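Presented below is the structure to which this report refers.
The shown structure was predicted, so the numbers you read here are calculated from the model rather than taken from an experiment. Numbers here are sequence positions counted from 1.
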Amino acid sequence: MSENKTYLGIELGSTRIKAVAVGGDYAPAASGDYTWASRYENGVWTYPLAEVWTGLKAALSQVENRDGIKAAGVSAMMHGYLAFDKDWNLLTPFRTWQNTITGPAAAELTELFGFNIPQRWSIAHLYQAVLNREEHIFSIAHITTLAGYVHYMLTGVNAVGVGEASGMFPIDSNTLDYDAGMLEKFSRLPAVKGLPWKLEDILPDVLPAGAEAGRLTEEGAKRLEGLLAPGIPFAPPEGDAGTGMTAANAVAPRTGNVSAGTSIFSMVVLERPLARVHEEIDIVTTPAGSPVAMVHCNNCTNDTNAWVGVLGETARLFGAEPDVGTLYTRLYEKSLEGEPDCGGVLVCNYLAGEGVTHLDAGRPLVVRTPETRFTLANFFKAQLYATMSTLKIGMDILAEEGVAIDSLTGHGGLFKTPVVGQSYMAAACNAPVTCMSTAGEGGPYGMALLSAYMMEKGEGESLEAYLEKRVFAGVSGTTVQPDPILVEGFNKYIERYKKLLEVERSAAEAI
């Protein structure tokens, strides 16, 4: 790493807290991570905030040459709900994106605004707490996201990037701020009358990519036990959606990206507004504020990871000791031998509820008929199809709306094994899918690039131009075109998958 040009990206993801540093060539040069997991406590998916700092210090301690860091930024799993009093004391445990407990609030706000409000958005969580008349709502002075919280604790600046803000409350892409008309409509709701706050006063400020969002304070540096030096400039904190778009060079119209790990979501930059409101589609923004259609699904690789663990345990019974990476690679590659429609094997991978398909809880299922050709290849292909089937349902809606996609870029763990995840995603979305050498780095890498943009952008240089002309110029990648046979097979699979969801609904109710 060049000590004159080193940028740090931090991401608090669903399964890992990761820090990635990039050098003068914008390639990842050093990284560190810490594994953690959400907890289901009192009917809520949550993480303890104390572990945020344990994990962050563990990840940072593994990054070399920290003294050369020129700028940094914080990213985290998107949206959710963190509520604080005036002294920044947490009022209720962190409510993550995994929760599907805000249905009445999300539905009422969607109708009120004429704009889709997903269950995981911060405003849905806040309004549901108001409808429930939870005790803490009378003490709220600040609400923010996980990225916003960590950023504030490090810099003393209560702000988030516009992409992250667009998952808290709808954004006006012309003003790059919260939609004023919708704020006014919210203020007139009977349930919020008499509360000791106005929504605009408890939301964080909104900043676009390229703005400076404060510097690491002495107190923040002490919180990190000196792992970073005070005074480092910080970029506006972003969610993993915005940093994923940046890492994938997918911030221009007609481009998109798919981030696939614990959860899976696609982001497609729009040329024009959608014709109507779709509950399955979120309208958010890029880190620069351009409108984006987002399909977000709570469930992706968790169930597959569990099956890989079981199959690895089986191998060890016979004396084999495959390392985890090899095990994943062999199983992914074996799936290529499966039939295009998985031979009749059906998998539903829901561990949590799923907003796109309107399920409030998940029960992983493997279903087959007596005629099903139940082979390892068909089973594992069905596993991988399942990781992206719910996403496909949403992407098909965009196709029906006439949304043009010239290219999709894939990143995250699903794409680490070459070709396999790409091929299936290209078939699911019927669009070419590109993976770059940084595909596995994802969000923290994107956050490092946003930090670099803050420091290096020229006068009037857009984020789109900066990424295209400086960061990704000459970067190699592999592109997979949709295979018509796989496209047809996936379409057959998805029709059966939609029927499987009725079984899933019954399973969640019965068990």
If you measure from [atom1] on [X] to [atom2] on [Y], what distance do you get to the nearest 0.5 Å?
X    : Y    : atom1 : atom2 : value
T390 : N349 : OG1   : CG    : 6.0 Å
T478 : F415 : OG1   : CZ    : 10.5 Å
R496 : L346 : CZ    : CG    : 6.0 Å
M182 : I171 : CE    : CD1   : 10.5 Å
E401 : D396 : CD    : CG    : 13.0 Å
K392 : T387 : NZ    : OG1   : 13.0 Å

Taking all non-hydrogen atoms of both residues into account, name the closest pair between [X] and [Y] and its distance.
X    : Y    : value
P287 : L450 : CB-CD2, 4.1 Å
A235 : M454 : CA-SD, 3.6 Å
V74  : A147 : CG1-O, 4.0 Å
A448 : V20  : CB-O, 3.9 Å
A428 : M388 : CB-SD, 4.2 Å
V433 : G410 : CG1-N, 4.1 Å

Of the options N299, D303, T357, N302, which is the one that meets Y350 in a side-chain hydrogen bond (donor to acceptor under 3.5 Å, both in side chains)?
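When N299, D303, T357, N302 are each tested with Y350, the side-chain hydrogen bond (donor to acceptor under 3.5 Å, both in side chains) holds only for T357.
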Taking everything shown except [X] itself, do over 12 heavy atoms lie less than 6.0 Å from its [atom1]?
X    : atom1 : result
E111 : CD    : no
E279 : CD    : no
E184 : CD    : yes
K457 : NZ    : yes

Check the angle between the aromatic planes of Y149 and F84 and answer parallel, tilted or perpendicular using the 30° and 60° thresholds.
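Rings of Y149 and F84: parallel, under 30°.
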Measure the acute angle between the ring planes of H125 and Y81, then classify it against the limits of 30° and 60° as parallel, tilted or perpendicular.
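The arrangement is parallel - the two ring planes meet at less than 30°.
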Cut-off 3.5 Å, side chains only: do [X] and [Y] have a donor facing an acceptor?
X   : Y    : result
S14 : T262 : no
Q98 : N298 : no
N99 : Q119 : no

Decide yes or no on side chain to side chain donor-acceptor pair (under 3.5 Å) for H278 and N116, but give the supporting numbers first.
CA-CA 7 Å; H278 299 275; N116 185 37; over 6 Å; no
Check: [X] side chain, [Y] main-chain N or O, donor-acceptor pair, under 3.5 Å:
X    : Y    : value
E271 : P253 : no
S451 : G73  : yes
K70  : Y7   : no
S166 : V284 : no
T246 : G446 : no
E11  : D240 : no
T286 : S290 : yes
T110 : I117 : yes
S31  : A19  : no
S462 : A465 : yes

How about [X] and [Y]: do any of their side-chain heavy atoms sit closer than 4.5 Å?
X    : Y    : value
Y178 : L203 : yes
H142 : N158 : yes
M294 : F265 : yes
V347 : Y493 : yes
H358 : T100 : no
V487 : D483 : no
L189 : E108 : yes
C435 : T409 : no

Intermediate values then yes/no, salt bridge (charged side-chain N to carboxylate O under 4.0 Å, His left out), K498 and E495
CA-CA 5 Å; K498 290 175 182 176; E495 290 308 310; 3.6 Å; yes
With sequence neighbours excluded, residues passing ring pair (Phe, Tyr, Trp, His ring centres under 6.0 Å) with F186
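Scan of F186 (ring pair (Phe, Tyr, Trp, His ring centres under 6.0 Å), adjacent residues dropped) gives Y127.
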Evaluate L82 against L146 for side-chain contact (heavy atoms from CB on, under 4.5 Å), listing each step before the verdict.
CA-CA 7 Å; L82 282 161; L146 185 57; 4.3 Å; yes
Walk me through whether F234 and Y152 qualify under ring pair (Phe, Tyr, Trp, His ring centres under 6.0 Å).
CA-CA 11 Å; F234 269 65; Y152 175 78; over 10 Å; no
Side chain to side chain donor-acceptor pair (under 3.5 Å) assessment of Y385 paired with D341:
CA-CA 9 Å; Y385 275 17; D341 65 349; over 6 Å; no
Ring-ring centroid check W36 Y47, cutoff 6.0 Å
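Between W36 and Y47, the centre distance is under 6.0 Å.
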Quick check on the 6.0 Å ring-centre criterion: do Y497 and F490 meet it?
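No - the distance between ring centres of Y497 and F490 does not fall below the 6.0 Å cut-off.
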So R470 and E461, salt bridge (charged side-chain N to carboxylate O under 4.0 Å, His left out) or not? Walk me through it.
CA-CA 11 Å; R470 297 210 214 180; E461 185 177 21; 2.7 Å; yes
Under the salt bridge (Lys or Arg N to Asp or Glu O under 4.0 Å) test, which residues partner E333, sequence neighbours left out?
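Listed in chain order: nothing, the list is empty.
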Going by the rule salt bridge (Lys or Arg N to Asp or Glu O under 4.0 Å), which residues pair with R276 if we only count those two or more places apart in sequence or in a different chain?
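None.
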Kindly determine whether T243 and S75 satisfy side chain to side chain donor-acceptor pair (under 3.5 Å), including the steps that lead there.
CA-CA 7 Å; T243 54; S75 176; 3.3 Å; yes
Could you walk me through whether K198 and D201 pass side-chain contact (heavy atoms from CB on, under 4.5 Å), step by step?
CA-CA 5 Å; K198 291 184 177 180; D201 295 333; 3.6 Å; yes
Kindly indicate, with the supporting measurements, whether the criterion side-chain contact (heavy atoms from CB on, under 4.5 Å) is fulfilled by T145 and M168.
CA-CA 8 Å; T145 63; M168 297 190 74; 3.7 Å; yes
